[in-house]
Asker: 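Quick one: the structure is below, questions incoming.
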Amino acid sequence: MALMELRDVSMTFEIGGGLFAPKRYVQAVVHANLLIDEGDILALVGESGCGKTTLGRIITGLQKPTSGEVLFRGKNIWKISREEFRQYRLGVQIVHQDSFAALNPVRTIFHTLSAPMLRHGIAKNRQEAWEKAADLLRTMGLTPPEVFLDEKYPHQLSGGQRQRVVLARAVSVQPRLIVADEPVSMVDVSLRLALLDLMAKLNRELNIAFVYITHDLATARYFAQKGKIAVMYLGQIVETGPLGKVLNRPRHPYLQALLTAVPVPDPELTRKHFELPLRTMDMPDPTSPPPGCRFHTRCPYYEPICTTEVPVLKSIGNGHKVACHLEHKIPEWQPLDAEV
Amino acid sequence: MTERQKKLVAVVLGITFLIGLFARISLSSDLAAIDARLEEIRRVGHSSEEIALLQEEYSEKGNVVSLITLGLIVSGLALLYFMNAGLANRVGFALLTVALVAFITYTLIRIMPGDPIQQLATELVRERGLSYEDAVNMAYTLLDYDPEESFLEGFADYMAGVLRFEFGYSWVYHVSVNKIIARALPWTLLVLSISLMLSFAIGILLGMAIAWKRRTALDPIITFYAAFTGATPDYVTALVLLIVFAVNLRWFPLSGGYDPTLDIGFNWPFIASVLYHAFLPILAYTFENTAAWALAMKGSAVSTLGEDYVMAARARGLRDRRIMVSYVGRNALLPMITGLAIALGSMLGGSTLIENIYNYPGIGRFNAEALVRRDLGMMQGLFLFQAMAVIFANLMADLLYTRLDPRIKLED
Amino acid sequence: MTTTAKAVRRHGWRRWLQRNIVEPFLIIYRNRRAFIGFLILLFFVLITIFGPMVVPLELRTDYANRFAPISLDHLLGTDYQGRDTFQLLVHGSRETLGIAFLAGIFTTLIAVVVGMTAGLFGGWVDRILMVLTNAVLTVPYLPVQLLLGATFTLRDPISLALVLSIWAWGSLARAVRSQVLSMKEREFIEAARVLGLSTTHIIFSEMMPNIMPFIAINFLTIMRNAITASVALMFLGLVPLDPTNWGMMLNDATSRSGAVQISVFNRNALIYVAAPMGAIVLFQLGAVFLAHGLDEVLDPRLRGE
Ligand SMILES: Nc1ncnc2c1ncn2[C@@H]1O[C@H](COP(=O)(O)OP(=O)(O)OP(=O)(O)O)[C@@H](O)[C@H]1O
Ligand code: SF4
Ligand SMILES: [Mg+2]
């Protein structure tokens, strides 16, 4: 049984709608299906506004989807008993992008770490909480832990240290899955890899599954090497599968475009770019998405069918799935280091 | 609803409104005639039957007028809603607030400890030499008070009165509170409007000055001045001014609104006397309120100074004075408008004590008298009137502000 | 694990003291205005608590000695009955400031409950509460308090404090609501929810500490308004409380005793009239200074280094 499963989940937000202004709807997530097993790593990528955060919040139970089922260990989290929900609640944690906003500014680090442990009986008293918190901080590489527990407030820590505290807090309730929503995008570039390594270590040693949300394919590639990837466009998952396979042989025109935009870190890899011109750089208005394939306004390969029929995810083998009518016609994407 | 249907409804509403208005106007002159007769009998009357009869007639016709007024309000509001929903929202809210305040005053009448009937009856026995029994009957009729009435029935009656803008009956003066308001309001308006304009104008200028030229001696002085007036209740200021300038120095009169030996009318000695008598109250209000305006204006102007268009104007090398007047001044002034209503409210609130201190013949002094002599009718009538005035002022300020500020739309 | 045990203990009361007493004091100390206000209020607090123990109160009438000048015997002269004005002020401070303090507590309680409920529940609850709050804000409170004061016969400080609170909570309630609304969206509250912390914990342990300084500043303003209103009620003679109460003193000084008129012939009478006014204004000034200073310190634009 999968740890976490989303079945045909959609989320539609109402916006505006005064007395006379017509209501408008944003389809932030459309018919999404996801499967996350124990210890999995899933990278969720896509441009800003495509619904990554919303999907993450649905997984965490912070948002109830307008339709579809969210299953934790096979049970719909919106229909289970209080006790089961409590288990799910602790089992799935979240790490926000902005570590400063994620920590209560007027509470000490110790308070922040100890409150959930005391509440859930993971620590029986303050002293035990102190010891457990110290262990957690050590695991997170914040040593010596006393320095951080000793009446320290969030603003007295650096961004990287704060994000480690946030991770420690999430880990403190012994979760099975952590949804990390752009956890490193606000951290200094030089510290990003270390944080990703730390998350990978938690995944390895504690077998915690991760949903890693990002718009940055490079970190996704780094962190989810052995995991899966799901690419979103305007609320829809357009391509998914094992990360290595998908990124080596991207089939959806959108992912191909994204990969082309990846800056090349290694100066020796200078090469002729395989240009994949988009028809326009503008994202369509999310309140009135294009009919048919949502990508057709920008897709260089589109054909009439794309404007009428909605493509669904189809398997092309090895767990690799793509939602594109013309998948068979789309040319192979040239890898970055290809000689031309 | 289609556009056509909307238009149709609007036209029907408009016609209803006009008919109602006409009916209301013609009926209210009838009502006024009965009221005049009632007034006469009430003041000297010894039999309560006569009064009761007239009152019966009055309340019958009055209820019709109230119903029409209610209809006018509802259809007017609906009409407004078709034209501008945001506007209707605000007007509706103001009306709701009035209703809430009326409910509170009515509840106070009902749950008030002590017996107003008893109180008035005793007074009538003393004043008019009625037998106690007659006096009690008279008291019931005068107060239009039916002990059998349920809370809601009573409230409906009360609201009917409110809808006719009738603020009740003073049992100290034995006249309707409306009469008292008519007599007292001009005095209060005179003092409040002059004080409001003076303190606003001076405060705005001071505020602009300290916003433009920081680090002058003026800034800390104004800040302290604001703290000081903020700390001093306005009645303390009024008292100090009275003791210094009226009692001890004798520069200004101790009480009254004018010199009663003069002819009342539009002649110079009378106007001079009115201003002379109003001087200290105006000084008290102005002294109390100026600093707050200055600080508010400073804050508003400073944030305006940081705006792009001001920066751009400076970069273009426009003269300081020009920038200050045509860019900063106008834009910084806008947010002050809502402050006007709030200031008016707090000044009106303070008038009870200040006009009492100067024995100035305005609303506040009558209110103080009502409070001190426990004249519940006058007290509640004047309270309702003051509340309505402030609610109205707030509504006006709100609408004016939204009209003037292009960034704010009424719809929200 | 003796070191951690010691560490836990070490972080007991001394840390608490540091955090809750020493640091706030230093914040106040560093801001000149706040510090002056603090000293003034401290002075009044000391007088309120210890004054009546140190200064005796003699309420004997001594007409031979009325309107005495300032002297060592009578620090602020005497009143129209020959009573020592300073003694009256010191003994009246308890009731005057006590009522204001109580009114401050009541008002703050109402405001916090209303604001929190509106902010947390949202929807219809919020809408109804906000209509009520707006009504309370539109109609100025002094007339309401005067009306209530004259309608009910108030003889004890607690009912007076209640009357003073009933229409005074509007602005704080609205401010608390908007703070709660903005905090509700903040990620640390969301995190607390995901961590399965109870709503009570979230309200009292996560939200409250964030709005506490803000409430404290507002408390000072509310208390000031309560003094203004209570003195106004007594000034009109609507609430007969203890004659040492500053409002009652002011009422005595300006009406019953004729001291204002007498001041024309006997300047000493002015001291008696000015004494309660001076005490009121000085206290209020202290509160204004402290509140403004704290406002400056806690201004979000200046905070967070
Ligand atoms: N509570 C909400 N109410 C209305 N619309 C919302 C809400 N939350 C998200 N949206 C809309 O849903 C869409 C998806 O938003 P979401 O935050 O999930 O995107 P994202 O992929 O996380 O973007 P980013 O990379 O900028 O974080 C956006 O168009 C957004 O405006
Ligand atoms: S379905 Fe058509 S428009 Fe959409 S990605 Fe495939 S080719 Fe492009
Ligand atoms: Mg996001």
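Throughout, protein chains are lettered first and strands after them, A, B, ... in sequence-line order, and every chain is numbered starting at 1.
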Asker: Check each atom of A/R57 against the heavy atoms of chain C and say whether the ones under 4.5 Å are side chain, backbone, both or neither.
Answerer: side chain
Asker: With a 4.5 Å cut-off on heavy-atom pairs, point out which of A/L103, A/V173, A/L90 contacts chain C the most.
Answerer: A/L103
Asker: Got a sec: does the CZ of C/F283 have more than 12 other heavy atoms crowding it under 6.0 Å?
Answerer: yes
Asker: Taking C/V194's backbone N and O only, do any of them form a donor-acceptor pair with A/Q93's side chain (distance below 3.5 Å, no angle check)?
Answerer: yes
Asker: Examine whether an atom of A/V92 lies under 4.5 Å from a heavy atom of chain C, and if so say whether it belongs to the side chain, the backbone or both; otherwise answer neither.
Answerer: backbone
Asker: Please say whether more than 12 non-hydrogen atoms of neighbouring residues, nucleotides or ligands are located less than 6.0 Å from CD1 in C/I203.
Answerer: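 Above 12, so yes.
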Asker: Between A/H120 (side chain) and C/L195 (backbone), is there a donor-acceptor pair under 3.5 Å?
Answerer: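 Yes; judged by distance alone, with no hydrogens or angles, the pair exists.
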Asker: Quick check: do A/H96 and C/E190 have side-chain heavy atoms less than 4.5 Å from each other?
Answerer: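 When only atoms from C-beta onward are counted, C/E190 and A/H96 do touch, with a gap below 4.5 Å.
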Asker: Report yes if some heavy atom in the side chain of A/P154 is under 4.5 Å from a heavy atom in the side chain of C/F188; otherwise report no.
Answerer: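 Result no, sub-4.5 Å side-chain heavy-atom pair not found.
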Asker: Minimum heavy-atom separation for A/A102 and C/A191, please, with both atom names.
Answerer: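 Heavy atoms of A/A102 and C/A191 come nearest at O-CB, 4.3 Å.
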Asker: So which residue, C/M207, C/M212, C/R186, C/E206, ends up with the most heavy-atom pairs under 4.5 Å with chain A?
Answerer: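 Of the candidates given, the most pairs with chain A belong to C/E206.
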Asker: Within a radius of less than 6.0 Å around CZ of C/F101, do more than 12 heavy atoms belonging to other residues, nucleotides or ligands occur?
Answerer: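 No.
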Asker: Atom CG of A/N104 and atom CD of C/E187: how far apart are they, to the nearest 0.5 Å?
Answerer: 13.0 Å
Asker: If you compare all heavy atoms of C/P209 against all heavy atoms of A/V106, which two are closest, and at what distance to 0.1 Å?
Answerer: CB-CG2, 3.5 Å
Asker: Side chain from CB out, backbone as N, CA, C, O: work out which of these in A/R119 comes under 4.5 Å of a heavy atom of chain C, or both, or neither.
Answerer: side chain
Asker: Count the heavy atoms belonging to other residues, nucleotides or ligands that lie under 6.0 Å from NZ of C/K184, then report whether that count exceeds 12.
Answerer: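 Correct, the count exceeds 12.
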Asker: If you draw a 6.0 Å radius around CZ in C/R174, do more than 12 non-hydrogen atoms from other residues or ligands fall strictly inside?
Answerer: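 No, because the 6.0 Å sphere around CZ of C/R174 holds 12 heavy atoms or fewer from other groups.
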Asker: Look at A/T60, A/I94, A/L62 and state which one has the largest set of heavy-atom pairs under 4.5 Å with chain C.
Answerer: A/L62
